[in-house]
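Just below is one structure, and these are the notes that go with it.
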Amino acid sequence: MCLKMFRDMGLDECFETLQKNVPAVSLEHPFLTDLYDAVVKRGAFEEAEILIDKAAQNDFLKSITAEQKAVPVWTEILPGSGASPGMRGGHQMVLDSAAQMIYLYGGWDGARDLSDFWQYDLLRKKWILISTDTEQEDGPSARSCHKMVIDSDNQTIFVIGRFLDGPARTGEPLKNDFFMYDILRKRWTQLSSDTFAEGGPKVLYDHQVALDVLKRTIYVFGGRVAQGKPPGSTAAVDNAATSGLYAYHIPTSTWRRIEPASGSPDSTALKPRMGHCIIFHPVKRLLYIVGGKYDKDPVKDMVAFHVDKETSHIVGSTASGDTMPIGLTQRATLDLDRDEIYVYFGFKSADSENRQNTLWTFDVATSKWSICPTKKTTTVDGSQPTEPSPRYAHQIVYDPTSKLHYLFGGSLSVPSSITSVKTRLDDFWQMELVQRQAADIARQAKYVIRKQKFRELCLEDPVTAVQYLQRDVSETIDSTDDVEMNEFHDLPTLLFSDTQAKTVEEQSGSRALTTQQSRVDVFSKLCNFFPEEMAPPRANLIDLVLP
C-alpha cells in the first residue's frame, strides 16, 4: 500500500527507494505497470488501448468476464399465419424440454374465464390449438388463477385450483376439482371432484405447485381459499383465509397436509402466503418458497423446506438485512447446470412508480441474491426498445436445454388511475441470459480511457475535443445501455466546467497535479477490469489511517 500511495502522489524518489529495499514485494503484474506508465506518466492513451486489446487476447480479462452478471436479452416471438392464444392473464404454462413443447391453458381475457388449451412447438415455432373448450372433453371448466405442473417423464399434466368471483360463491359447498391430461392419449381425467374431502386443499387460487419426480409427488403451497357465502347472505366474501402445504402422491392418488416438525426452531418458517413463487431443487431435495404476501402485508423472506425430512428453515429475510426480490406475482425457474434460481416480475404494487421488468438470480451454492443488469435491445430498425411491458398475472417457463425463458401474456402494469388502457396482453417473448464477453469488457475499458482523453482535450483544444467526442468516444458506447447513454449525453458539459477549471488551475499552478490525480483515478478504474491478483491493492493507505 505504501508503494501504491507514493506512486499515486507522484513521489517517485520515495517509491523507487522503497521498491529497492523490498524487492520481494511486487506491487502489481508487469502488464499493469506498463499500463500505468502509458496512462498516468505519459498520457499515451492510444498505447493504453493497445494494451487493453492485448489483455483481452491473453485472457487477462477472462475471470472478470465470468464474474460479470449475465444480461437478459429479450426477443419478441411474433405470431405466424396460424391461430394463436388471445389476450389473457391468470393463465398457466408448462414446458416439456425433451419434446420441445410449451402447453398453455385457461386464463381471464377481461370479460370471462377461458377453457382453451394450446401447444407451442418450439422447433416448428408454431401454435397448435388442442381444444377450444376442455370442459366439453371431460376436462376442467373455464378458469383463471389455477396452477399447472407437468410430469415430462410420464407425459402427464396436472391442473388444480381456480378463482371464483362473488356471484359464483353460492350457498352450495365449494369443491376443489383436480384434473390430469395424458399428452400421448390426448385425454383428460378428473382425479378428484373435491380434494378437501380426500385430505387435500380447499378451492384455492394464487397458490403454487411443484413436482418431485423422484417421489412422484406434487406439492401445493399457499394461495387464498375461496370461501363460500352462507345461503341468503349479502356479506362480503372473506378473502383472508390462506392455504397451507399439501402433498399429493401420484401412484396412490392420496393427499396429506404437511406440518413442519414439532419443536423445530424454524417451525413457523412456513408462514401462510399468496402471490409467492416456489421452485423444487431435486438434488438438494429442497422446496424453495420466495416472497408473496399475507392479507395485505408482504412476506419478505425465502424459506427452504426439505421434502424428505419435512423440516424448514429461513434462507434469507429482509429483516436480517438480506437483499432479495420483493414484489407480486413473481415467477421462478431453476437451472440445475448453473445451480441458479431465477425470479422474474415487473410489478411491485398497484400504485408503485417502479414499473419495470426485474430479474433476480439466486446462487444456490452461496445462498446469495443479485439483480441481473437490465439491457434494452432494439428492433432491427432501431425504432423502439424491445422488451416486454411491465406486467403481472403473466406466465414464464424455462427450457434448461436451450437456456431460454419464454413469457406469454399477463395484465399490463399501469397506475390504477388509468382505466382507458387495454390491460390484458397476448404478446409472446423469449429471453436469453447473455454473459458479457472479453471484447465487451475491453470496450468498457477503452470508454474509460477515451473519456479521460476527452477531458484533457477540453482544456487544451475544445474544438478538437468536440470532434473527438463525436467520432471516437461515441464508438465505445453501448447504445442499448441506458446508464452509458445518459453519461455520454452529459459529457459535453465538461467543455464548460473544464474551461472554468482551467482558469483556476492556471492561476493556482495546480493544473499538472489535477491531471496527475485524474489519470490515477482512471488507472484505478482500469484495474477493476483485471483479476485482483494482477492489480495493486484495491484499498488506499490513507483511507486506513484517516478516520
query: What's the shortest heavy-atom distance between V307 and D212, and which atoms?
result: CG2-OD2, 4.1 Å
query: Does atom OH of Y447 have more than 12 heavy-atom neighbours, drawn from other residues, nucleotides or ligands, at distances under 6.0 Å?
result: yes
query: Roughly how far apart are E137 CD and S115 OG, rounded to 0.5 Å?
result: 9.5 Å
field: Nearest atoms (heavy-atom pairs only) where A210 meets V149
entry: C-CG2, 4.4 Å
- prompt: NZ of K300: more than 12 outside heavy atoms within 6.0 angstrom?
  reply: no
- prompt: Considering all heavy atoms of both residues, which atom of V159 and which atom of F178 are nearest to each other, and what is their separation?
  reply: O-CD1, 3.3 Å
- line: dist I157:CD1 -> Q92:CD (nearest 0.5 Å) comes out at 11.0 Å
- request: Could you tell me the separation between the CG atom of L174 and the CG atom of L164, rounded to the nearest 0.5 Å?
  value: 6.0 Å
field: Test item: R273 side-chain N/O and Y294 main-chain N/O as donor-acceptor pair under 3.5 Å
entry: no
- request: Could you tell me whether the side chain of R424 reaches within less than 4.5 Å of the side chain of R391, counting heavy atoms only?
  value: no
- prompt: Below 6.0 angstrom between ring centroids: does that apply to F428 and Y120?
  reply: yes
Partner of Y181 under ring-ring contact (aromatic ring centres under 6.0 Å, His included), chosen from F117, Y105, F158: F117
field: Pair R187 + D138: basic N to acidic O under 4.0 Å
entry: no
- prompt: Side chains of E310 and F305: does their closest heavy-atom pair fall under 4.5 Å?
  reply: yes
field: Enclosure of K403 NZ (heavy-atom neighbours >12, cutoff 6.0 Å)
entry: yes
task: Measure centre to centre between the rings of F163 and W108, then say whether the value is under 6.0 Å.
output: no
statement: Closest non-hydrogen contact found for C372 with T361 is SG-OG1, 3.1 Å
field: Least distance between heavy atoms, D206 atom then K147 atom
entry: CA-NZ, 4.5 Å
message: Could you measure the distance from the CD atom of Q190 to the CE atom of M180? Nearest 0.5 Å is fine.
response: 12.0 Å
Separation between CZ of R216 and OG1 of T156, rounded to the nearest 0.5 Å: 6.0 Å
Test item: K186 and L184 side chains (from C-beta on) under 4.5 Å apart, heavy atoms: no
field: Minimum side-chain heavy-atom gap M148-Q395 below 4.5 Å
entry: no
query: Is any side-chain heavy atom of L433 closer than 4.5 Å to a side-chain heavy atom of R338?
result: yes
message: If we ignore hydrogens and angles and just use 3.5 Å, is the side chain of H207 paired with the main-chain N or O of I160 as donor and acceptor?
response: yes
message: Does any part of the side chain of Y288, heavy atoms only, come nearer than 4.5 Å to the side chain of L334, both counted from C-beta?
response: no
message: Does any part of the side chain of P201, heavy atoms only, come nearer than 4.5 Å to the side chain of W255, both counted from C-beta?
response: yes
message: If you take the centroid of each ring, where Trp contributes its six-membered ring, are H91 and F408 closer together than 6.0 Å?
response: yes
query: If you measure from CD1 on I279 to CG on L286, what distance do you get to the nearest 0.5 Å?
result: 12.5 Å
